Novice: 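Supplied in structure tokens, the structure appears directly below.
Predicted, not measured: the structure shown is a model, and the values here were computed from it.
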Amino acid sequence: MNVLNFVNAFFSDSAHWHGYDGIPQRLLEHVQYTLMALGLAAAVGLPVGLLTGHTGRGGNAVAFVATAARALPSFGLLVLIAVVVGIGLLPVMVPLVVLAIPPILVTTYEAVRSVDPSPVDAARGMGMHESSILFRVELPVALPLVLSGLRSAAIQVVSTATIAAYVSLGGIGRYIIDGLYQRNYEKVVGGASLVAVLALVTLAVFWAAGRLAVSPGVRRR
């Protein structure tokens, strides 16, 4: 059977659409892992990136942290934490958050640093507070790049969250891991197809968010 036949057989099987191992349930679990990891990474990366980008201090530290985090193997980190703390959600969240922080942190920093200094200087000359300058002058202009960092992080997390199945959790990775163990390549290809579709949906969501959140004047630049 070729790949298209595997895909057709997987999605046409009614057993894959019901129950605890059904596609809707596995998609929901996968999205939950993704949103949790992305939310935690954004809670760390966005404030630090905005602050360092606004002040211009800590750029070298940001680059060092991002490089170090990118060098860590997600699967190796998963196994190490699972050995130390046991099976659960924590061994999954740590590598996913570590994976998602660098693109958010670096892109947010660079986005704020790339803002034209003329309006920033004008705002300071008018007596605006530094926090007001950041959120009312710099952030609206930097928002497209900030969203691109979040988008990159989301795509990476969506693709990597399949590792949750290695520690007996759910998500789309369950089809891939179980399929490999059972030598059921219909499951493997079906799971991989679901990951690809979810990544495309994520791209579409961030495209729509950019259209809604970014002002037309900034989009045309």
Side-chain angles (χ1 to χ4, degrees), residues 27-75 77-78 80-82 84-85 88-115 129-164 167 169-171 173 198-199 201-210 212-214:
L27 277 173
L28 177 61
E29 293 167 350
H30 202 93
V31 171
Q32 287 175 338
Y33 301 150
T34 300
L35 291 178
M36 288 177 63
L38 189 62
L40 291 170
V44 175
L46 286 178
V48 176
L50 290 172
L51 180 61
T52 53
H54 175 69
T55 61
R57 301 172 183 172
N60 291 333
V62 167
F64 174 78
V65 170
T67 302
R70 284 170 173 160
L72 292 173
S74 298
F75 183 68
L77 195 57
L78 169 77
L80 176 63
I81 298 174
V84 173
V85 304
L89 191 59
L90 180 62
V92 176
M93 284 297 107
V94 171
L96 292 182
V97 171
V98 169
L99 178 71
I101 286 177
I104 296 174
L105 178 59
V106 172
T107 308
T108 302
Y109 170 81
E110 293 295 340
V112 177
R113 294 302 297 161
S114 65
V115 173
H129 192 272
E130 290 298 320
S131 61
S132 297
I133 294 173
L134 173 59
F135 290 105
R136 297 176 62 183
V137 179
E138 293 176 317
L139 183 56
V141 178
L143 190 56
L145 279 177
V146 173
L147 287 175
S148 74
L150 288 168
R151 182 186 64 225
S152 297
I155 294 297
Q156 292 181 38
V157 172
V158 164
S159 303
T160 312
T162 52
I163 62 175
V167 288
L169 295 182
L198 192 54
V201 171
T202 303
L203 285 174
V205 168
F206 275 93
W207 177 84
L212 292 174
V214 179

Novice: Do V106 and V62 have side chains that approach each other closer than 4.5 Å (heavy atoms only, starting at C-beta)?
Specialist: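 Contact flag for V106/V62 side chains = yes.
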
Novice: Kindly give the heavy-atom pair with the smallest separation between P102 and L99, and that separation in Å.
Specialist: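 Heavy atoms only, the tightest pair is CD-O, 3.5 Å.
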
Novice: Say you draw a straight line from OG1 of T202 to CG of L150; how long is it, rounded to the nearest 0.5 Å?
Specialist: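 Here the interatomic distance stands at 12.0 Å.
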
Novice: CD1 of I101 to CG of L96: how many Å apart, nearest 0.5 Å?
Specialist: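 Here the interatomic distance stands at 11.0 Å.
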
Novice: Please name the pair of heavy atoms, one in T52 and one in G49, separated by the smallest distance, quoted to 0.1 Å.
Specialist: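 Answer, listing the atom of T52 first, then G49: OG1-O, 3.3 Å.
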
Novice: Say you draw a straight line from CG of L212 to CG of L147; how long is it, rounded to the nearest 0.5 Å?
Specialist: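 Going from CG on L212 over to CG on L147, the span is 10.5 Å.
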
Novice: Return the CG to CZ distance between L145 and R151, rounded to the nearest 0.5 Å.
Specialist: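 Answer rounded to 0.5 Å: 9.5 Å.
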
Novice: So which atom in P103 and which in T107 form the shortest heavy-atom distance, rounded to 0.1 Å?
Specialist: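 So the minimum-distance heavy-atom pair works out to O-OG1, 2.6 Å.
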
Novice: Closest approach of P95 and L77, non-hydrogen atoms and distance?
Specialist: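 Scanning both residues completely, I find the closest heavy atoms to be CA-CD2, 3.8 Å.
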
Novice: List the atom of H30, the atom of G173, and the distance in Å for their closest heavy-atom pair.
Specialist: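 It is ND1-N, 4.4 Å.
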
Novice: I'd like to know whether CZ of R57 has more than 12 heavy-atom contacts from other residues, nucleotides or ligands below 6.0 angstrom.
Specialist: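 Open: at most 12 neighbouring heavy atoms sit under 6.0 Å from CZ of R57.
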
Novice: Side-chain contact test, heavy atoms from C-beta onward, threshold under 4.5 Å: evaluate it for I104 versus L38 and give yes or no.
Specialist: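 Side-chain contact under 4.5 Å: yes.
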
Novice: For residues L78 and V167, report the shortest heavy-atom separation together with the two atoms involved.
Specialist: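 Closest pair (atom of L78, atom of V167, distance): CD1-CG1, 3.9 Å.
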
Novice: Measuring from F135:CZ to H54:NE2, what's the distance to the nearest 0.5 Å?
Specialist: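 Taking CZ in F135 and NE2 in H54, the distance rounds to 9.5 Å.
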
Novice: Indicate yes or no: at least one non-hydrogen side-chain atom of V157 is less than 4.5 angstrom from one of Y33.
Specialist: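 No, side chains not in contact.
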
Novice: Verify, without hydrogens or angle tests, whether S114 (side chain) and A111 (backbone) share a donor-acceptor contact under 3.5 angstrom.
Specialist: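 Between the backbone of A111 and the side chain of S114 there is a qualifying donor-acceptor contact (under 3.5 Å).
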
Novice: Hey, does I133 have a side-chain heavy atom less than 4.5 Å from the side chain of E130?
Specialist: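 Side-chain contact under 4.5 Å: yes.
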
Novice: Can you tell me how far CG of L51 sits from CG of L46, rounded to the nearest 0.5 angstrom?
Specialist: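 The distance works out to 12.5 Å.
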
